[in-house]
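Predicted model, so just to flag it, every value in this text is computed and none were measured. Counting from 1, the numbers follow the sequence of the chain as shown.
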Amino acid sequence: MAQPDAPLAPEDLLPFIKDLDCRGTLYIAFSGGLDSTALLLAMAQLRPGLPAPLQAIHVNHGVHPSA
């Protein structure tokens, strides 16, 4: 895995994904912010090797007035 200050690559998520109980679909909560966008893009790059289908679900935190 990458060092704490080094940029992460999508493959750095694999150790966490392999431990998931994936008998159905992998859902990614997506708010449209930078962090959830980065997570969704990384998971999309890993999609061919994932143990289950991937689906994004939009979550509105209600933090931004124009949300």
Side-chain angles (χ1 to χ4, degrees):
M1 276 196 2
Q3 297 299 319
D5 295 329
L8 295 174
E11 298 79 30
D12 292 324
L13 295 172
L14 291 174
F16 302 101
I17 296 168
K18 72 176 180 68
D19 292 333
L20 296 176
D21 182 7
C22 298
R23 287 180 267 174
T25 300
L26 288 169
Y27 294 98
I28 301 295
F30 177 72
S31 67
L34 186 58
D35 54 348
S36 65
T37 299
L39 176 60
L40 183 59
L41 289 173
M43 293 295 287
Q45 289 179 11
L46 296 173
R47 187 171 47 151
L50 295 177
L54 179 66
Q55 186 168 353
I57 298 175
H58 181 255
V59 176
N60 182 354
H61 298 291
V63 175
H64 198 278
S66 63

* Asked: Where is the tightest heavy-atom contact between Leu26 and Pro51, given as atom of each residue plus distance?
  -> CD1-CD, 4.4 Å

* Structure fact -> Here the pair of heavy atoms bringing Pro53 nearest to Gly24 is CD-O, 3.3 Å

* Of all pairs that satisfy side chain to side chain donor-acceptor pair (under 3.5 Å), the ones with a partner from residues 30-40, not counting sequence neighbours -> Ser31-Ser36

* Which distance, rounded to the nearest 0.5 Å, do you find between the CG of Leu54 and the CG of Leu46? -> 9.0 Å

* From Leu50 atom CG to Leu14 atom CG, the distance as rounded to the nearest 0.5 Å -> 8.0 Å

* To do: Search all heavy atoms of Ala44 against all heavy atoms of Pro48 and return the closest pair with its distance.
  => O-CD, 4.2 Å

* What is the distance from atom NE2 of His58 to atom CD1 of Ile28, rounded to the nearest 0.5 Å? -> 14.5 Å

* To do: Quick one: name the residues clustered hydrophobically with Tyr27, using the 4.5 Å side-chain heavy-atom rule over I, L, V, M, F, W, Y, and just say none if it's on its own.
  => Ile57

